[in-house]
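Chain A is the first sequence line, chain B the second, and so forth, proteins listed ahead of strands; every chain is numbered from 1. Basis for what follows: all heavy atoms, side chains included, without hydrogens, waters or symmetry-related copies.
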Protein chains: 2
Amino acid sequence: MKSPSHPRDRGIPEATVARLPLYLRALHGMAERGTATVSSEDLAVAAGVNSAKLRKDLSHLGSYGTRGVGYDVEYLVYQISRELGLTQDWAVAIVGVGNLGRALANYGGFVSRGFRVAALIDADPEVVGDDIAGLNVEHIDELEAVIQRRGVSIVVLATPAAAAQKVCDRVVAVGVTSILNFAPVVLSVPESVDVRKVDLSIELQILAFHEQRKAGGPLMAVDSQ
Amino acid sequence: MKSPSHPRDRGIPEATVARLPLYLRALHGMAERGTATVSSEDLAVAAGVNSAKLRKDLSHLGSYGTRGVGYDVEYLVYQISRELGLTQDWAVAIVGVGNLGRALANYGGFVSRGFRVAALIDADPEVVGDDIAGLNVEHIDELEAVIQRRGVSIVVLATPAAAAQKVCDRVVAVGVTSILNFAPVVLSVPESVDVRKVDLSIELQILAFHEQRKAGGPLMAVDSQ
DNA sequence: CACACTTTGTGCGTCGGTTCACAAAGGGAT
DNA sequence: ATCCCTTTGTGAACCGACGCACAAAGTGTG
């Protein structure tokens, strides 16, 4: 029932999208090392996945490999970059310049891909006006103006939990539809808005769960010593 | 291989484990607000999930609800905490005290659950000896000694990418089996070791992908109508 | 040109997770 | 005690993702 004729189907599985950055990173490393061509097997190892999965993932973007040879590193980097939208440059605003916001502002990993930190915004008058990573911290009152003036399309929320929803509502109101949320709250947004959350304490709790099982699970019933 | 007889089956689905911290956070908020009892519907909304999913998740830990009434908040907090292993206290070491490591050391969210930052470790002599968040930064040479002396069981890697694998190997060698990795590399570890990774730039790339589709998709696509 | 070898792209069985929908179970009122 | 209302716990259908295994497609050699 679907249009099977389309060679480059836009319906890329979410799981695949989440892995493309991984492949991209591995490919960049190979390109730097001068590798011209790579097999799915080698790339899969470098990215830490199964080679069949990798081939299936890449097949979603098109037929960019050569049977008997492998993938052209340079070309694949370009194709994945294009698919992820990294050929354009994305203006990112970081709201909340506490410890985490500061760290993010200085984080090189953002810039290295197509991302540019275009604004730092905070509510604390103590911080507003400071220079961090070569950027002037602006006041939260200017939020809407700054976002529009700088063409910000992705907002990183690094505010305290209590402020996150309010800031979120405001950035959504000015038309931002992509948010990376570090605040430990469930944001409520219209369906058209994408929110990804990173919660450091959740990651630790998941580790703790498995660690506990390893320690007490297999044969040791009770650790009541 | 399975033990189907156990009433409290330890085989909790991974997806469920990942959501338990979410429920726990919501429940803590409710407990603070004095709510004694909560329905799956209300809790689901607070945690941002579907209520059927929530009930199924909770059913994996046992039958802790009362039909017609809901769940006792206090009791559920205890049960989930116990299941996640948060009733004990976990000593965490942060290796790599750059911008990110510093932010993590100061992050309140760790301590608020059962986690305690027990050590900060870095290789840079410029940083070693500094006091950060009330902790003395120790030299990487002391890595093994510190981990064992402080009973560290979870290590957070916030080193540069180039150093991550080497540090990882060393902490695994001293018996650490839970690692939270912020370095943008694929760590190779024995199967018995749990690694969770947080990659900020990957999150942004996923957002960019969807943002690009939103921008270019609906309007630019060939549409007959 | 034919044959051997390599590696991609994918059909298909399988599995884990999500959601629906409902029977079972409890509370409260009369 | 009986009836009605609420809410849990779960059977079962559905859906997406994973990975095996192989045909298809390319390279290279004699």
Side-chain angles (χ1 to χ4, degrees), chain A residues 1-2 4-20 22-23 27 30 35-73 75-76 79-80 83 191 206 209-210, chain B residues 1-2 4 6-20 22-23 27 30 35-73 75-76 79-80 83 191 206 210:
Chain A
M1 290 310 150
K2 302 172 68 178
S5 52
H6 269 350
R8 232 199 294 119
D9 188 2
R10 287 316 204 178
I12 299 180
E14 198 48 40
T16 295
V17 173
R19 279 187 297 266
L20 290 181
L22 227 56
Y23 304 152
L27 286 166
M30 290 172 174
T35 314
T37 271
V38 67
S39 71
S40 65
E41 183 58 35
D42 290 353
L43 181 52
V45 168
V49 303
N50 172 301
S51 74
K53 181 151 60 182
L54 180 135
R55 287 197 298 277
K56 186 155 288 183
D57 282 344
L58 294 185
S59 79
H60 286 295
L61 347 169
S63 241
Y64 297 144
T66 307
R67 299 177 190 226
V69 177
Y71 300 88
D72 183 277
V73 173
Y75 186 56
L76 200 49
Q79 290 299 344
I80 295 180
E83 198 63 52
E191 195 173 339
I206 296 172
F209 171 81
H210 292 295
Chain B
M1 284 303 261
K2 305 174 67 177
H6 271 347
R8 230 201 293 117
D9 189 1
R10 289 315 205 178
I12 298 180
E14 198 49 40
T16 296
V17 173
R19 279 187 297 265
L20 289 180
L22 227 58
Y23 304 152
L27 286 166
M30 290 173 174
T35 313
T37 272
V38 67
S39 71
S40 64
E41 182 58 36
D42 290 353
L43 182 52
V45 169
V49 305
N50 172 302
S51 75
K53 179 150 60 180
L54 180 136
R55 287 197 298 278
K56 185 152 283 186
D57 281 345
L58 294 186
S59 78
H60 286 297
L61 347 169
S63 239
Y64 297 145
T66 307
R67 297 177 191 226
V69 177
Y71 300 87
D72 182 277
V73 173
Y75 186 57
L76 200 50
Q79 290 298 343
I80 295 180
E83 199 63 51
E191 195 174 340
I206 296 173
H210 292 296

From C-beta outward on Ser40(A), which listed nucleotide comes closest to its side chain: dT8(D), dG17(C), dT8(C)? dT8(C)
Is Glu14(B) touching bases, backbone alone, or none of the nucleic acid, heavy atoms closer than 4.0 Å? sugar-phosphate
Quick check on DNA chain D: between Thr66(A) and Thr16(A), whose nearest nucleotide comes earlier from the 5' end? Thr16(A)
Would you indicate what Ser51(A) reaches in the nucleic acid, counting non-hydrogen atoms under 4.0 angstrom: base, sugar-phosphate, or nothing? nothing
Taking CG from Asp72(B) and P from dT8(D), how many angstroms apart are they, rounded to a whole number? 13 Å
CG/Leu54(B) to CD/Glu41(B) distance, rounded to the nearest 0.5 angstrom? 9.5 Å
Measure the distance from NZ on Lys53(B) to C1' on dG9(D) and round it to the nearest whole Å. 17 Å
Ignoring backbone atoms, establish whether Tyr71(A) has a side-chain N or O less than 4.0 Å from OP1 or OP2 of dG26(D). no
Between atom CG in Asn50(A) and atom P in dG19(D), what is the gap in whole Å? 5 Å
Between His60(B) (NE2) and dT8(D) (C1'), how many Å, whole number? 14 Å
Nearest whole Å is fine: how far is dA23(C) P from Arg55(B) CZ? 15 Å
If you check every side-chain atom of Ser59(B), which of dT10(D), dG26(D), dG19(D) has the closest atom? dT10(D)
Taking the nucleotide of DNA chain C with the nearest heavy atom to each, does Lys56(A) or Gly70(A) sit closer to the 5' end? Gly70(A)
Run the side chain to side chain contact (heavy atoms under 4.5 Å, CB included) check on Lys56(B) and His60(B) step by step: do they pass? CA-CA 7 Å; Lys56(B) 185 152 283 186; His60(B) 286 297; 4.0 Å; yes
Regarding the side chain of Arg19(B), the nearest nucleotide among dA25(D), dT18(C), dA23(C) is dT18(C)
How long is the line joining CZ of Arg67(A) and C1' of dT8(C), in whole Å? 5 Å
Starting at OG1 of Thr35(A), measure out to CG of Asp72(A) and round the result to the nearest 0.5 Å. 11.0 Å
Taking the side chain of Val69(B) as its heavy atoms from C-beta onward, which of dG27(C), dG17(C), dA24(C) lies nearest to it? dG27(C)
Which nucleotide in dG19(D), dT19(C), dG17(C) has an atom nearest any side-chain atom of Ala52(A): dG19(D)
Measure the shortest side-chain to side-chain distance between Ile80(B) and Tyr23(B) over non-hydrogen atoms and say whether it is less than 4.5 angstrom. yes
Rounded to whole Å, the CG-C1' distance (Asp42(A) to dT7(C)) equals 11 Å
Kindly indicate, with the supporting measurements, whether the criterion side chain to side chain contact (heavy atoms under 4.5 Å, CB included) is fulfilled by Leu20(A) and Leu61(A). CA-CA 10 Å; Leu20(A) 290 181; Leu61(A) 347 169; 4.0 Å; yes
Any Ser63(A) side-chain nitrogen or oxygen under 4.0 Å from OP1 or OP2 of dG9(C): yes
Grab the CD-P distance between Glu41(A) and dG9(C) for me, whole Å please. 15 Å
